[in-house]
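Please read the structure below before turning to the comments.
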Amino acid sequence: METNIAELVQGVGNLVTLPDVFIRINNLVSDPNSNIADIAKVAGQDPAFTVRLLRVANSSFYGRSSTIDTVAKAVSIIGTSQIRSLALATSVASSFEGLPNSLVAMEDFWKHSLYCALSARILAKQLRGCDADAVFTAGLLHDIGELVIFNRLPQQARDSLLLIQDTLEELPIYQAERQIMGFDHAHVGAELAKQWKLPQMLSECIEYHHDIHATPKYLREVTLVHIANILAQMAELRTVDIDDVPPIDPSAWEILGLDADEMIPMVIEQAQAEIAEAEKIFLGK
Amino acid sequence: MSLHRLPLPLPGFEHIKRAWNNSYDAFSARLNPGDYYVTKSDECVYTTLGSCISACIRDRISGIGGMNHFMLPASSGDNSWKAAGLSASTRYGNFAMEHLINEILKNGGKRQNLEVKLFGGGRIIANMTDVGVRNINFARDYIQTEGLRVSSEDVGDVFPRMVVYFPLTGKVRVKRLRSLHNNTIVEQETTYLHNIEEKPVSGDIELF
């Protein structure tokens, strides 16, 4: 099984690559000798990223009223480690354009991911010492394994979807995938994260968002993404009925110390209010 | 599984796939596009709808009832189903509705007791002409022409749906499905559409 997944992901190695700007900023952020000016310089060398960065900096995401018109200003108000998250978040959708599929419209796929990212970010702001931008990026990436499966194993992916449509009970897609293939999109996504050498927090969110109790280190972030994934489905379906979506792990809210009844409607409503602007910024709509 | 005995199907419905369902504690009959199912037993009928429509009809006194699952084929040169009287496409819709109602009446249902619910007709592909609304309009109009009333419905909007119906009690559960399922549902409905367009309905329908 392990080798299968590794081979599967190696097979897309040439089709999906991490954006150069992320790799370079990532190196600078990890380098104690670098400063904000270095990061701004690297960011400014990528025109597409510059445009997105300024869009984000001027959006309601950062609640600024003054105009941010230079990369240096944007980097200083957003913060260096957040810039690294954004470099990944704003380019991941285009990174996967080389991996098309006929099962699910890319637009629908990324809309769900974006809802998850927004929900995770909204929840993270309720917690102390939680990097909301990093969790946002984790939400955006949580299902990337799906895109590999849809592209490389279209028949099995199709069978998984049909199994869900044929099953009267709520059958989450990862369980359908396990029944059909013996592994699921979280395993595949984790392998991709490993090959990309993504930060451990991100790879844990990708790998354990359906299995939070197996999380080695970043339980809080993984739990945020786990809950955000379900709330994202509710936001998409415009429902407040938890029976319409797969269950949230019974201990998840307790892990975060948040109140479900208070959070669920608040997060859904806010994510629905933010989705249109977020689509413009992150999906280039 | 062996603890639960599958109720005998009414004649003509032997081909419909049924299985025991633990969460509903009942047998469930699964409908595909073009199917319909009528029962007197305490079992449920379910299906997945994109732009197709399902009418759930039952005799509210005796509990006999069932569900269909259909869509109108697009007949060439006739975009409006109302336009040319009995076009090929309305003929198909009439066929689907009449089969369901006739089977209910044939098995003891009374017309004056019929209770009708409508589901589906979603617009699940944004840039496509809204075939869902055509199906909804047809079904509503049909019910009205028959002198019946729609007692509840969940139609239109952008979601595919899974509909679970208990004819004996009239209970319905509608679950919206994620956009993840749009393409596979459209694919199945398109295959079904090609089939019915190639084999147009002919002949008369026996009326009760």
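Labels below follow one simple rule: chain letters A, B, ... track the order of the sequence lines, proteins then strands, and each chain is numbered from 1.
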Specify the closest pair of heavy atoms between A/Gln165 and B/Arg30, including all atoms of both residues, with the distance to one decimal. O-NH2, 3.4 Å

Partner of B/Thr184 by side-chain contact (heavy atoms from CB on, under 4.5 Å), out of A/Val104, A/Ile164, A/Leu161, A/Asp159: A/Leu161

Going by an N to O cut-off under 4.0 Å, is there a salt bridge joining A/Asp241 and B/Arg176? no

Based on non-hydrogen pairs under 4.5 Å, which of B/Val158, B/Val164, B/Thr47, B/Asp157 is most in contact with chain A? B/Asp157

For a quick test of reading the model, state the closest non-hydrogen atom pair linking A/Ser102 to B/Asn183 and the distance between them. O-ND2, 3.3 Å

Is it the backbone or the side chain of A/Leu162 that comes under 4.5 Å from a heavy atom of chain B, or both, or neither? side chain

For B/Ser23, which atoms come within 4.5 Å of any heavy atom of chain A: side chain, backbone, both, or neither? both

Which portion of B/Arg178 sits near chain A, non-hydrogen atoms under 4.5 angstrom: both

Using a cut-off of under 4.5 Å for heavy-atom pairs, which of B/Leu180, B/Ile185, B/Thr48 has the most such pairs with chain A? B/Leu180

May I ask you to decide whether A/Asp244 forms a salt bridge with B/Arg173, counting only side-chain N to carboxylate O separations under 4.0 Å? yes

What part of A/Glu236 gets within 4.5 angstrom of chain B, counting heavy atoms only: side chain, backbone, both, or neither? both

Is B/Asn32 in contact with chain A via its backbone, its side chain, both, or neither, using a 4.5 Å heavy-atom distance? neither

Dump the intermediate steps for side-chain contact (heavy atoms from CB on, under 4.5 Å) on A/Leu237 and B/Ser179, then the final yes or no. CA-CA 9 Å; A/Leu237 294 174; B/Ser179 59; over 6 Å; no

Begin from the C-alpha positions of B/Asn182 and A/Asp108 and carry the test side-chain contact (heavy atoms from CB on, under 4.5 Å) through to its verdict. CA-CA 9 Å; B/Asn182 284 2; A/Asp108 290 336; 4.0 Å; yes

dist A/Thr239:OG1 -> B/Phe159:CZ (nearest 0.5 Å) comes out at 9.0 Å

Between A/Asp243 and B/Lys175, does the salt bridge (Lys or Arg N to Asp or Glu O under 4.0 Å) criterion hold? Intermediate values first, please. CA-CA 9 Å; A/Asp243 289 337; B/Lys175 203 182 96 170; over 6 Å; no

Should the heavy atoms of other residues, nucleotides or ligands under 6.0 Å from CG of B/Leu6 be counted, would the total exceed 12? yes

Whatever's closer than 4.5 Å to a heavy atom in chain B on A/Glu170 counts as both

More than 12 heavy atoms of other residues, nucleotides or ligands under 6.0 Å from CD of B/Glu146: is that the case? yes

Backbone N/O of A/Glu169 and side chain of B/Tyr24: donor-acceptor pair under 3.5 Å: no

In Å, rounded to the nearest 0.5 Å, how long is the span from CD of A/Gln233 to CG of B/Leu177? 11.0 Å

Would you please test A/Asp166 and B/Met162 for side-chain contact (heavy atoms from CB on, under 4.5 Å) and show each step? CA-CA 9 Å; A/Asp166 213 35; B/Met162 183 185 277; over 6 Å; no

